[in-house]
Amino acid sequence: MTLISDDGSSRTQESDVRPSPSLERVLNPSTIAVVGLSDKSPVAPFIEPTLDSDAEVFFVHPTAPTVLGKPTYRTIADIAEPIDAVLSVMSAERTVTLAEECATLDCGGLVIYAAGFSEVGADGEDLQRRLAAAAQRGGMAVIGPNSLGYISVPRSLNLTASADYRPPAGGVSIVSHSGAMIGGIAIAARARTGMGISRLISAGNEVTTDMADYVDFLASDPETAAVGLIVEGIRRPEEFLRAARRCIAAGKPIVALKLARNSRTQQMAASHTGALAGSAWAYDVAFRHAGIQLAHDLEELVDRLSLVGQLDPAKWNKVERLGVVAGTGGFASLAYDLAEAEGLVLPPLDDLADWVRSTIPGITVPNPLDTTGFGATFWTDIVDRYVGSPELEAVVFVNMWGEGDDSPMYRRLIDDVAVAARRFGKPVAIAAGAGPVGAYAQDVIGSDGSVALGYGLRGTLRGLHTMGTFVRDRGTPRPPADAVTPVPRPTGPLPDAGDGRSFLPFTQAMALLDRFGISTAPHCTVDTGEQVEPGFAGPYAVKLADVPHRTELGAVALDVGRDDLERAVADIRAIAQQHGLPETVAIQPMTAARGELLVGIEGRSELGPMVVLGIGGILVEVLERVGGRPAPLTHTDAVALIDEFRDLRLMHGYRGSDPWHLAQLADLLVGFGHLAAACHGWIESLDVNPLLVTEDGLVAVDALCIVRDTEGIR
């Protein structure tokens with residue numbers, strides 16, 4: 001439950017594990033008051049279906065005697081009974097006055113369309129503070145402001161300013177930061193035979209009730225089987241991820257569409273990590289780690305949710321072996337290509353090969369099976385063998401059974417599929433070659449969750465992939481990461497990175513790595529007037545210690561012998577004097593390496609600190625490929641992160657070469673996760689580039705740690 005403090009900010013009461021009672025009242029109301037609506041209002045037709053719901057609806061208007069054929073009340077206080085949901089269609093200022101009145105009554109909360117709050121500046125911020133304070137006094141939830149409200153399709157509750165697109169009822173619920181997109185979802189759902197919507201919620205400005213609260217509510221909502229999120233930003237990441245885990249534990253997949261993915265065009269930290277690990281990347285990493293799947297547009301979001309919304313959860317499985325039966329060779333070929341692109345495996349089905357060759361003339365490939373010209377003759381046997389095959393966990397049947405193909409033959413073919421699906425109890429999907437399956441198919445298969453109807457081949461395969469991924473992730477234990485004790489920000493002035501940002505001096509950065517078990521190369525620093533006595537054998541690498549981009553300045557000398565060391569130090573110091581930079585020089589022994597890694601921390605993510613891994617050196621910029629995990633990491637997380645780079649065949653060994661000390665790398669990543677979590681209050685980003693891969697192990701030779709000016713900013 002979100003609580004509102006006196007200054008209008010929100011906090012979470014950790015003991016609350018159930019949805020807010022006030023939010024429950026607003027989203028499942030028995031009584032509704034609509035305030036400010038008249039028959040002339042442009043949103044009146046959108047709200048009117050609510051009169052067909054089982055809720056009692058009251059209209060409040062100061063002058064109109066009736067609204068939508070019902071008598072009105074002059075004020076909300078004139079209504080004699082408690083009101084669960086108050087819908088305001090008035091201006092921002094009048095809505096705040098209404099909220100202040102509701103705070104003195106027994107109201108569950110408000111649904112607010114009006115804009116003109118914090119999104120417009122100081123005047124709006126004052127209104128939003130008053131609104132938050134009223135909500136706190138009255139213990140009310142607020143949907144919005146600057147929202148299109150919500151729709152509960154099964155109950156015909158349309159407390160919305162969105163057009164009445166009338167999506168079919170079902171088990172998929174959507175929460176969107178973008179109000180207009182709930183209309184897009186409704187349109188997409190109507191285009192997909194079998195897809196059904198439970199709730200469409202427009203979150204708006206989230207003045208008291210945010211995405212974490214909605215997901216927490218949906219985790220317990222008996223009308224919701226799967227959840228879709230359209231996300232601009234998450235305000236309370238810990239609470240949100242905890243609610244998401246509740247939802248997933250309840251057997252409800254979550255698919256999220258992250259908006260504003262172009263964050264890498266914004267100003268980044270003076271580091272590779274900051275440039276490569278933008279906000280959208282961090283969301284992708286954190287969501288995947290939490291078991292939230294990703295979509296990249298509205299169509300994909302709906303496709304990924306459609307099949308899990310139709311199939312009986314008792315029949316879900318990992319879909320590690322998929323069979324495809326196609327009505328034509330073209331669909332069979334396309335199905336194989338798309339399945340590979342969507343990460344699904346079509347096994348060769350050797351056990352069925354002899355039967356296929358002897359039964360269907362000219363066909364030698366059992367999976368995907370091309371039934372051109374002979375499918376109808378052997379159809380029932382084909383369906384039974386494929387749906388009943390122990391080698392397959394799910395089967396897709398694809399043909400041109402669109403809306404105009406309602407023939408007795410197609411109905412018989414689809415009925416055979418439905419009968420087999422019920423008998424063998426495994427996920428089965430019917431896909432048109434393109435677009436929706438004809439609505440007649442719904443009559444044939446019924447609604448018992450045995451068969452799902454997909455939208456085109458790719459959409460159908462995406463839906464099966466979402467189901468399989470959910471089952472696999474949910475079955476994978478996620479041990480909790482170790483608790484981490486915070487480390488305070490270093491005191492005293494720090495060097496300037498050149499853009500107004502501060503960074504740790506070389507020796508402090510290396511000491512921080514050592515503290516968390518990250519191996520560093522031997523090093524010493526020499527200040528002006530000090531003797532050059534490294535204390536370890538050469539040849540040496542000599543560099544300016546306390547500058548962020550020394551290579552661009554030419555302030556690095558390599559393979560320096562002992563006799564040339566003092567001269568090299570003097571030359572490097574002269575470069576510092578020329579550019580007005582700190583003159584401390586770092587000396588390290590040259591380290592032979594057979595590879596380089598980038599390991600870093602991105603500390604500015606809205607979802608908490610992230611550990612970043614990539615191939616180092618110039619390849620980090622060539623490949624632009626990094627992986628990551630939220631901090632702190634478990635050993636299991638670290639191993640999984642390393643495995644994401646197996647396809648590059650560098651870390652894992654190639655042409656007979658040894659892997660890059662992967663066990664040590666996993667331990668090092670865990671250490672980085674502890675470092676990231678412990679220093680989250682003050683580290684903006686940290687690069688170890690390169691982390692050298694030597695014959696004896698992994699060793700950090702440098703670190704750039706960008707530091708916030710103040711501690712505790714998250």
Side-chain angles (χ1 to χ4, degrees), residues 234 237-238 240-249 254 256 258 273 276-294 318 343 469-487 513 515-519 597-616 625-648 650-652 659-680 683 685-688 691 698 700:
I234 299 297
E238 292 182 9
F240 168 79
L241 293 172
R242 183 161 52 247
R245 288 191 290 270
R246 272 198 67 219
C247 210
I248 291 166
I254 305 175
K258 174 66 175 74
T273 301
L276 291 167
S279 174
W281 176 91
Y283 271 87
D284 290 352
V285 167
F287 280 5
R288 287 194 185 101
H289 185 258
I292 299 170
Q293 299 186 54
L294 306 176
K318 297 178 181 179
T469 300
F470 175 77
V471 173
R472 287 194 301 274
D473 285 354
R474 194 178 177 214
T476 302
R478 295 186 180 274
D482 297 333
V484 177
T485 302
V487 172
L513 297 183
R515 178 173 181 171
F516 285 91
I518 299 160
S519 299
L597 290 164
L598 162 70
V599 183
I601 294 169
E602 169 55 27
R604 298 170 304 161
S605 160
E606 295 171 359
L607 297 179
M610 300 284 166
V611 173
V612 182
L613 174 66
I615 305 298
R625 166 90 172 268
V626 293
R629 289 294 185 276
L633 279 69
T634 65
H635 188 268
T636 300
D637 296 330
V639 170
L641 174 55
I642 294 167
D643 202 54
E644 290 180 6
F645 292 85
R646 185 177 293 275
D647 63 304
L648 295 181
L650 290 172
M651 295 184 198
H652 295 78
W660 287 4
H661 307 290
L662 301 185
Q664 183 190 357
L665 179 57
D667 292 340
L668 183 147
L669 289 170
V670 172
F672 255 93
H674 289 166
L675 191 164
C679 304
H680 180 40
I683 286 184
S685 68
L686 188 153
D687 284 357
V688 173
L691 177 72
L698 305 173

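Given the structure is predicted, the values throughout are model-derived calculations rather than measurements.
Ion pairing of Arg625 with Glu644 is absent here, as no side-chain N (NZ or NE/NH1/NH2) approaches a carboxylate O to less than 4.0 Å.
For Arg472, the CZ atom sits in a packed shell: over 12 heavy atoms of surrounding residues, nucleotides or ligands are nearer than 6.0 Å.
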So Leu294 and Lys258, side-chain contact (heavy atoms from CB on, under 4.5 Å) or not? Walk me through it. CA-CA 8 Å; Leu294 306 176; Lys258 174 66 175 74; over 6 Å; no

Would you please test Leu597 and Phe645 for side-chain contact (heavy atoms from CB on, under 4.5 Å) and show each step? CA-CA 12 Å; Leu597 290 164; Phe645 292 85; over 6 Å; no

Take Leu633 and Phe672, measure what side-chain contact (heavy atoms from CB on, under 4.5 Å) needs, and give me the verdict at the end. CA-CA 8 Å; Leu633 279 69; Phe672 255 93; over 6 Å; no

Please assess Ile234 against Glu606 for the test side-chain contact (heavy atoms from CB on, under 4.5 Å), listing each intermediate value before the final yes or no. CA-CA 7 Å; Ile234 299 297; Glu606 295 171 359; 5.6 Å; no

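Of the possible donor and acceptor atoms, none in the side chain of Gln293 sits under 3.5 Å from a partner among the backbone N and O of Thr469. No side-chain donor-acceptor contact under 3.5 Å links Arg629 to the backbone of Ala638.
Residues Val639 and Ala666 approach most closely at CG2-CB, 4.2 Å, considering heavy atoms. Among all heavy-atom pairs drawn from Ala631 and Val611, the shortest one is CB-CG2, 4.2 Å. Of all heavy-atom pairs between Ala286 and Met610, the closest is CB-CE, 3.6 Å. Across all non-hydrogen atoms, the minimal contact from His289 to Asp637 is NE2-OD1, 3.1 Å. Contact detail for Leu513 and Ala700: the closest heavy-atom pair is CD1-CB, 3.9 Å. The nearest pair of heavy atoms linking Ser605 to Ala282 is OG-CB, 3.4 Å.
Among Val285, Leu241, Leu607, the single residue meeting the side chain to side chain contact (heavy atoms under 4.5 Å, CB included) criterion with Pro630 is Val285. Exactly one of Val670, Leu641, Ile642 qualifies for a side chain to side chain contact (heavy atoms under 4.5 Å, CB included) with Leu665. That residue is Ile642.
If you take OG1 on Thr634 and CG on Leu669, they are separated by 11.0 Å, rounding to the nearest 0.5 Å. Of the inter-residue distances, the one linking Ile248 atom CD1 with Ile254 atom CD1 reads 4.5 Å to the nearest 0.5 angstrom. Taking CZ from Arg245 and CZ from Phe240, the interatomic distance works out to 10.5 Å, rounded to the nearest 0.5 Å. Once rounded to the nearest 0.5 Å, the distance linking CD1 of Ile615 with CG of Leu691 reads 11.0 Å. Note that CG of Asp482 is 12.0 Å distant from NE2 of His635, once rounded to the nearest 0.5 Å.
The shortest side-chain heavy-atom distance between Arg515 and Leu675 does not fall under the 4.5 Å cut-off.
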